[in-house]
Structure formats: structure tokens, C-alpha cells
Amino acid sequence: MSLAIVLSRAQVGVEAPAVTVETHLANGLPALTLVGLPEGAVRESKDRVRSAILNCRLDFPARRITLNLAPADLPKDGGRFDLAIALGLLAASGQLPTLALEGIECLGELALSGAIRPVQGVLPAALAAREAGHTLIVPAVNAEEACLASGLKVIAVSHLLELVSHLNGQTTIAPYQSNGLLLQTQPYPDLSEVQGQTAAKRALLVAAAGAHNLLFSGPPGTGKTLLASRLPGLLPPLDEREALEVAAILSVASHAPLTSWPQRPFRQPHHSASGPALVGGGSRPQPGEITLAHHGVLFLDELPEFDRRVLEVLREPLESGHIVISRARDRVRFPARFQLVAAMNPCPCGYHGEPTGRCRCSTDQIQRYRNKLSGPLLDRIDLHLTVAREATSLGAMPQTGETSASAAQIVCEARERQQQRQGCANAFLDLPALRQHCVLTPEDEAWLETACERLSLSLRAAHRLLKVARTLADLERVEAISRSHIAEALQYRPSSG
Ligand SMILES: [Zn+2]
């Protein structure tokens with residue numbers, strides 16, 4: 001047999017499309033041609049594979065070799081196809097039974113010695129291989145990650161010779177059994193460690209209960225960052241689908257193997273972060289911070305300091321829950337269903353409104369600072385809260401506030417009500433569902449309309465306000481939205497000016 005076919009998987013965004021590695025040996029002068037749009041790192045593959053095969057004292061076929069990576073229109077890079085190419089060469093030259101390659105897929109980069117090195121993006125490939133009903137051969141370092149696709153048969157290997165011996169039937173490698181080490185989570189910082197700030201904690205609870213976006217405004221040192229970092233600990237645990245999505249993103253984004261899982265992410269990019277770092281990009285599109293925050297929290301401290309153009313790009317994922325990155329050759333779609341928590345100072349120096357009179361900013365400067373944030377972006381933030389400095393009196397008892405665990409319990413109940421009623425969190429209600437589930441009495445509707453006019457709220461802001469009122473009713477375990485819920489929701493809208 002001078003033709004062999006080995007299955008592998010490419011990596012496009014968080015997807016792992018199938019790639020067929022076809023190896024054909026023909027008579028003629030020894031040469032190796034690689035076709036099927038391989039990029040630089042894959043072209044180097046042939047040298048690595050040759051050395052690995054020779055160093056394992058196997059035969060590198062001295063014939064005319066054609067390697068085709070199909071489909072040709074799929075971009076392919078990295079060393080992940082090394083192992084498939086090596087197995088193809090060995091099978092085509094009769095050193096491996098082709099039957100042994102049926103129903104298996106493989107991933108792995110080869111060292112010149114024949115050792116098998118880890119690759120990125122193993123989990124998406126594992127999920128796809130499970131879907132296809134195939135067995136997956138992976139580098140030993142990646143085995144634990146591949147096992148997250150429960151039910152998948154994983155063969156973990158660390159050297160080419162070990163695998164060849166297994167496929168030849170000389171030895172048997174038992175399917176890898178997970179040691180469960182990945183199923184570990186780091187505790188989130190606790191709400192009870194934040195002293196005072198009752199109103200801010202309430203806003204945090206409401207944000208968690210309805211998946212609402214939140215903006216804290218206040219002078220430096222009032223604990224805005226402290227508060228924001230408590231949000232992931234209030235959110236319900238990830239369900240299996242969400243957890244796998246989060247792990248798949250980490251798997252393609254990180255060069256290091258996955259170490260702890262499952263956990264809601266908390267991402268805090270600096271305001272000097274570039275557009276591609278924040279939303280994703282690069283010649284070979286990589287996920288940005290908003291994707292790394294998928295199913296978790298994206299915290300943007302000092303919001304007005306971010307590049308305005310970058311902030312405007314956030315509007316799309318805030319609505320749709322994903323971002324599409326277009327490049328000359330391909331379009332990659334990354335998930336980005338994050339909850340935004342932002343913080344800002346009241347003025348450029350940060351001390352506007354403080355009784356000390358430290359602020360020397362002019363009205364003009366303050367206006368310019370606030371104008372850095374566009375109306376449409378602010379409209380997408382449901383809860384606006386001013387955080388004031390807490391009066392600290394000497395000898396005051398440290399407050400033993402609510403713990404994250406008890407708040408999370410309340411959030412969990414509110415989320416369950418929403419799931420049962422409408423199948424999603426309140427923040428994600430679309431317009432028809434909003435009309436169906438956020439019904440007001442005619443009097444309350446008229447009252448809200450007047451209030452919206454007075455505050456000159458946009459229609460989008462008014463809809464978001466209704467969703468917050470819905471969450472407040474859910475927190476109170478009542479179905480009907482009442483005047484008090486609308487009134488509290490109104491308090492979370494910024495007063496214009
Ligand atoms: Zn100032």
C-alpha cells in the first residue's frame with residue numbers, strides 16, 4: 001500500500017475542523033512535496049518528522065512523497081500535524097498496518113528525538129472527535145484536557161516509538177483515565193471582606209441576579225476594584241456546556257496546558273490594552289480579553305482612559321455575545337458573552353465632589369472626561385452607581401457583612417425563576433420576551449414614561465431599565481413588577497449632565 005490516510009484537526013477560533021492527511025508514495029527521485037495550504041510551521045514539519053523517524057530507527061521512505069492536507073482552503077499552522085504526517089509516512093511505506101489507523105484521530109508535535117510535544121487547542125479537537133465517534137491520540141501532557149470531553153477514548157503518548165509499537169500490536173496502551181486534577185477551582189474573594197458600601201453591594205447583587213452590566217463611579221480608594229472582583233463569586237456555577245466553552249477558549253488561547261477548571265473567568269485588562277488584545281485579532285486570529293471573559297466578568301477600570309474606538313467595538317458583543325474577526329483570508333467568530341463591570345473616577349483628578357475641595361478640574365475638563373464615553377455604550381450599562389467614600393470612625397466595629405455564599409444563594413434562586421419563566425437571564429430578554437414578561441399596570445406605565453422623558457432616556461435605556469425592574473421583582477420572589485421596583489431601577493440610571 002503506498003497511500004495512507006490519517007485524520008487530524010485544525011484550529012480555527014474555538015472550532016476544530018477535521019483535516020485529512022493523505023500520504024502517497026510514488027517511484028521516482030526521493031522528494032517530499034507538501035500541498036494543501038500549509039503555513040510556515042507546517043512546512044517545517046517535514047524536517048522534524050524526518051529526523052524523528054530516523055532517530056527512532058524507522059525507515060524514512062526514499063521515494064517520491066506527496067503529502068496533502070485536506071481540505072485545502074482551511075488555514076493550517078503549528079506543529080499539531082507532525083504526528084499525523086509521521087503515521088501516514090509509516091503506514092504508506094508498510095511500517096504500520098493501515099487498518100490500525102481507522103477510527104482514530106491524532107494531534108501532536110514531534111521533537112527531533114521522536115518525543116511527542118504538547119499542542120494548543122486540544123479540548124475543541126477532543127469535543128469534535130467525540131462527536132465523530134473517533135479515538136483521539138494526544139500528547140501525554142494534553143491527556144487530562146482531552147478527558148474533559150467525557151466519554152471520549154483518549155490514548156496518551158509521549159514518544160513516537162511507543163505509539164508505533166501500540167499500533168503494530170506489539171504492546172498495548174490502555175485508554176487514559178482522568179485523575180480529575182483539572183476539576184479544581186480557586187476560591188473567589190469574598191463579599192464579607194468589603195466593609196460598608198451597602199448600596200454598592202446591593203447593586204452587585206442585582207447585577208449578578210439578572211446578568212446586568214454595571215458601572216461604578218467614584219473617587220480612587222473607595223473600593224470599586226474590590227467590589228468588582230467579588231462579582232464572579234456571586235454568580236451561579238457554570239453548567240457543563242458553559243464550562244466546556246470556557247475551557248475550550250483557555251485551551252486555544254494558552255500555550256500552557258489547562259490547570260484548573262471549571263470557573264467563571266474574571267478578566268481585568270489595563271486601559272492601555274490594544275484593540276486586538278481587548279477584542280481579539282492578529283494575523284492568525286487569537287481570542288481577546290472579551291472572549292477570555294466569556295461566561296464571566298470583564299472588569300474595565302478607569303473606563304474613560306480606554307481608547308474610545310476600542311470601547312465602541314464593545315457595543316456589538318455586548319448585544320450579540322460574540323465577536324467576528326475578519327481577515328483577508330478568513331473570518332473567525334469568537335464567543336464573548338461577558339458581563340461588563342466598569343469603574344470610573346468622577347473627574348480627571350478623581351476627587352470631584354469630595355468635601356476636601358482637592359479637585360481643581362474645570363467644568364469643561366469634567367465634561368470632556370465624561371464625554372469620552374458614548375451614549376450608546378452607556379445605554380448598554382444597566383446599573384450606574386456612585387460609590388462614595390465611607391466615613392470611617394475610629395473604633396468602629398468592623399462590619400460583618402453578607403458573605404458571597406449567602407448572596408450567591410439569593411442570586412441562584414432569582415436565576416432559577418428567570419430560567420423557568422423565560423429560559424434566559426433577564427439581561428438577555430429580547431423585545432418580544434420583554435413585552436411578555438415585563439408587564440406594568442397602565443398607571444405604572446404612564447409613570448415610567450414621564451420619568452423616562454424627564455431623564456431623557458433612550459428607548460434602549462428604557463428597555464434595560466425594565467429588565468432591571470424585572471430582576472428586582474425576582475429578587476423579591478414576586479411575579480408582578482411594582483412601582484417600587486421601577487423606582488429602584490430608575491435610581492441606577494445616570495442623571496443626565
Ligand atoms: Zn477633579
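Just so you know, ligand 1 is whichever comes first in the structure, and atom 1 is the first atom listed for that ligand.
Inclusion of H352 in the first shell of the Zn ion (ligand 1) is not supported: no N, O or S atom falls under 2.8 Å.
Between E312 and R309, none of the side-chain N atoms (NZ, or NE/NH1/NH2) sits under 4.0 Å from a carboxylate O, so this pair counts as no salt bridge. Salt-bridge check for K224 with E302: failed, with every basic side-chain N at 4.0 Å or more from each acidic carboxylate O. Salt bridge status for E445 with R435: absent, with no side-chain N to carboxylate O gap under 4.0 Å. One finds no salt bridge joining E15 and R333 here, because no Lys/Arg side-chain nitrogen approaches an Asp/Glu carboxylate oxygen to under 4.0 Å.
Atoms SG of C349 and SG of C347, as seen from the Zn ion (ligand 1), are separated by an angle of 100°, to the nearest 10°. Atoms SG of C359 and SG of C361, as seen from the Zn ion (ligand 1), are separated by an angle of 110°, to the nearest 10°.
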